[in-house]
Structures are given as C-alpha cells and as structure tokens.
Amino acid sequence: MKRVMVLTGGGDCPGLNAVIRAIVKRAAQEKDWEVIGCIESFNGVLREPTEIVVLDEKTVAGIHVQGGTIIGTVNKGGPFAWPVKDNDGNWTTVDRSDEMIRKLGYLGIDAVINIGGDGSQRISQKLFQKGLNIIGVPKTIDNDLSATDFTFGFQTAVQIATEAVDKLVTTAASHNRVFILEVMGRDAGWIASHAAIAGGADVCLIPEIPYDIEKVVEKVNSRYHKGRGFCNIVVAEGAAPKGGHTTGEDMHEIGNEHIRLGGIGEKLKIDLVKAGVEADVRVTVLGHLQRGGIPMAYDRVLATEFGVKAFEMVLDGQFGHMVAYRHPKIIAVPFEEAITHPKLVKPKGDIVRTAKGIGIEFGD
Ligand code: F6P
C-alpha cells in the first residue's frame with residue numbers, strides 16, 4: 001500500500017474539506033493508495049505521540065458542504081520554526097525539518113499534499129529542496145496568490161462581504177449615516193473591491209492604493225444634501241492612509257511572521273470626523289465571518305478540481321509543484337512561481353477602472 005499524507009495549514013477557508021474529499025475519492029479509484037490526514041498542519045507529525053488519521057471514503061462523505069477543515073489547521077510553527085522554551089524560559093524556535101522528513105519515512109509516507117497559502121507553500125518548497133515528495137494546493141480567501149487566477153474560498157468571502165454591504169446600505173439610507181465596513185485583505189484588496197462593486201459602495205480603500213483622507217471626506221460630503229444622504233465605505237484591513245501605516249497589533253506569537261491586522265475601520269471613522277464629516281459614522285468589522293460556513297458552489301467545484309489534480313500529480317510524480325487554475329485549465333506550476341510575488345490589485349487595472357467607472361472613490 002502507498003500512502004499520501006494530506007494537511008491543511010494557515011487560516012481556514014471555505015472549500016478545504018472539498019479538497020480533502022476529492023483527494024480521498026480520487027485515491028480510492030487506485031486500489032493501492034491510502035490517504036492519511038495530518039492533524040493541524042505538520043504539527044500532527046511533529047508531536048509525540050503522532051496525530052495522524054486514516055481518511056477513507058466514509059470519513060469524507062458529505063464534507064464538501066462543510067466550512068473549516070476536518071483535520072484542523074494552524075498558522076504558526078511548523079517544521080522550520082517549531083516553538084520551544086529555552087533554558088531561561090524564553091520562547092524560541094528550532095528547525096525540526098530533517099527530523100520530520102525522517103519520521104515521514106518511518107510512517108511509510110510516499111508523498112505529501114500541503115493545502116495552504118503562500119506561507120505554507122514556502123514551507124513546501126523548502127521541504128521539496130530537502131528531498132520530500134510534496135505537492136501544494138493553494139488556499140486563501142484573499143485570492144492573492146499570483147500563480148492561480150482564483151483560489152477557492154474567495155467567492156464565498158466576496159458573497160458574505162457583499163451581503164454585509166447590502167444590509168448596511170439599507171440601514172445607512174434609513175438613518176442618513178456613513179457606514180464603514182472593514183473586510184479581510186492583508187496585502188490585497190480583492191475582497192474589498194469586489195464587494196464594493198457588487199454591493200454598490202461609494203468608497204473602497206485597499207492596501208494597494210494609499211488613500212488621501214481629504215479625497216474620502218470630499219466623496220462622503222458629496223453624498224449629502226442639507227444633512228440628508230448616506231455613504232457606504234468598504235475598507236480592507238490592510239489599507240493605510242498616504243504616508244501612514246497599517247493598523248493592527250503585534251501579538252508576539254512565536255513562529256507567526258504576521259502582525260494581526262484590524263482596526264482601520266475605527267481609525268478611519270476618527271479621521272473622518274476630525275476632518276469635518278458631520279454625519280453619524282458607524283463601523284462594522286466583518287472579520288472571520290468571511291472565512292466560516294458553507295462554501296458556495298463555485299468554491300466547492302474549484303476545490304474539487306484542485307483535489308483531483310493534486311492526487312493525479314502524486315501519481316505522475318510531479319513533485320515540487322502546486323496546483324493552479326489558469327482559465328480554462330487546472331495546471332501544475334513550480335513552487336518558485338507560486339510563491340515569488342503576491343497577486344495584488346493593480347491601481348490601473350480592470351477592477352479599479354470598473355469601480356471608478358461607476359463612481360467608487362479609492363482616495364487616490
Ligand atoms: O490570509 C487570509 C486572512 O483572512 C487575511 O485576510 C487575514 O489577515 C488573516 O487571514 C487573518 O488570519 P487569522 O485571524 O487566522 O490570524
């Protein structure tokens with residue numbers, strides 16, 4: 001029997017379970033393959049006792065409809081940065097990658113499928129360079145991986161954000177208010193720009209376009225006549241004013257390279273009021289609601305395509321590659337191509353041109 005180990009890393013994302021199910025179902029068509037799930041990314045193999053589970057067709061029945069991941073996930077630690085306490089009681093990290101590769105050998109693992117975002121695929125690349133038979137499946141609601149046209153989970157996140165805009169529009173109109181909706185998007189404004197267009201927002205602020213508060217104030221005020229009117233603003237968590245910086249908190253989490261973003265909505269509210277906006281300004285932070293729950297049909301289909309392709313890449317020995325969607329094909333791309341640069345919203349690209357074409361203000 002040959003064994004492929006599957007794991008999910010980084011933030012969860014609607015569609016992860018559909019990928020897992022597709023891998024298991026496709027593998028079941030080959031009589032000599034067994035699928036093993038590693039609990040919480042690579043941690044399941046690194047822990048003592050080892051936490052791995054056999055995934056068969058019974059285990060994965062119906063899970064394509066469920067959000068989250070049945071094998072759990074983490075967004076810190078991993079084989080190259082395993083947190084440990086040193087002799088003085090301070091946390092530090094150690095490289096356990098060689099030990100982990102040896103352990104995978106003892107466990108009879110022939111190949112690994114790592115489902116995760118850019119951070120996870122950087123780990124995949126390093127493990128591949130050390131000789132591990134590994135394949136990547138891209139995952140992020142932010143849709144900011146350059147190798148693939150779309151990642152599963154993005155459409156679901158956009159739908160959730162759009163429904164939030166829809167709801168805020170009616171309450172904003174009823175109360176003559178300014179509503180700021182803070183959505184996810186660490187480096188890229190894909191969710192914000194799509195939700196702003198789909199929901200009919202008036203202002204959209206994204207990480208790729210630092211905003212001038214005066215331009216935003218001008219747009220807000222233009223929406224009011226004799227105190228009546230309303231304005232809806234969608235802001236990505238990674239947006240920042242011109243000459244300013246992102247808003248968030250460094251949680252000092254060992255093994256986590258990111259600061260935790262959040263709070264730009266509140267900051268914007270304060271700045272708008274300071275800059276003379278007289279209307280009542282309210283803030284809604286959508287947060288993790290964008291990542292949870294049932295994946296939309298589009299994301300289930302894309303996730304299933306990725307899962308089937310990933311297992312077929314294992315069969316073909318296409319290690320060192322990540323699955324990608326380049327319309328109209330599902331293809332394999334080398335890890336280097338997948339992780340070198342993020343896919344950002346182009347300030348002069350189609351999505352911004354479209355949004356500006358219907359009067360959405362970006363503050364530039
Ligand atoms: O990468 C996807 C994402 O949703 C980002 O937009 C966000 O900054 C991050 O995950 C938050 O992740 P967590 O709350 O799990 O730290």
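Every heavy atom of this structure was used, including side-chain atoms; hydrogens, water molecules and symmetry mates were not. Just so you know, ligand 1 is whichever comes first in the structure, and atom 1 is the first atom listed for that ligand.
When heavy-atom distances to ligand 1 are checked against a 4.0 Å cut-off, E237 comes that close only through its side chain, counted from C-beta outward. With a 4.0 Å heavy-atom cut-off, ligand 1 is reached by the side chain of D142 but not by its N, CA, C or O.
Here is the list of ligand 1 atoms found below 4.0 Å of a heavy atom in R186: 6 (O), 8 (O). Numbered from 1 in the order shown, with element, the atoms of ligand 1 that lie under 4.0 Å from a heavy atom of I141 read 4 (O). Ligand 1 places these atoms under 4.0 Å from at least one heavy atom of N75: 13 (P), 15 (O), 16 (O).
Between T8 and the options N17, T73, T69, N114, a side-chain hydrogen bond (donor to acceptor under 3.5 Å, both in side chains) holds for only T69.
Of the N and O atoms on the side chains of Q159 and E163, at least one donor lies less than 3.5 Å from an acceptor on the other residue.
The number of heavy-atom neighbours closer than 6.0 Å to CD1 of I294, taken from other residues, nucleotides and ligands shown, is 12 or below. Within a 6.0 Å radius of NZ in K346, no more than 12 heavy atoms belonging to other residues, nucleotides or ligands are found.
In this structure T59 satisfies the side-chain hydrogen bond (donor to acceptor under 3.5 Å, both in side chains) test together with D56, sequence neighbours excluded.
The shortest separation from a heavy atom of H288 to ligand 1 is under 4.0 Å, placing the residue in contact. Contact analysis leaves R260 out of contact with ligand 1, as no non-hydrogen atom separation drops below 4.0 angstrom. Within the 4.0 Å heavy-atom shell around ligand 1 one finds G185.
The aromatic rings of F154 and F150 lie parallel to each other, with less than 30° between the two planes, well short of the 60° mark.
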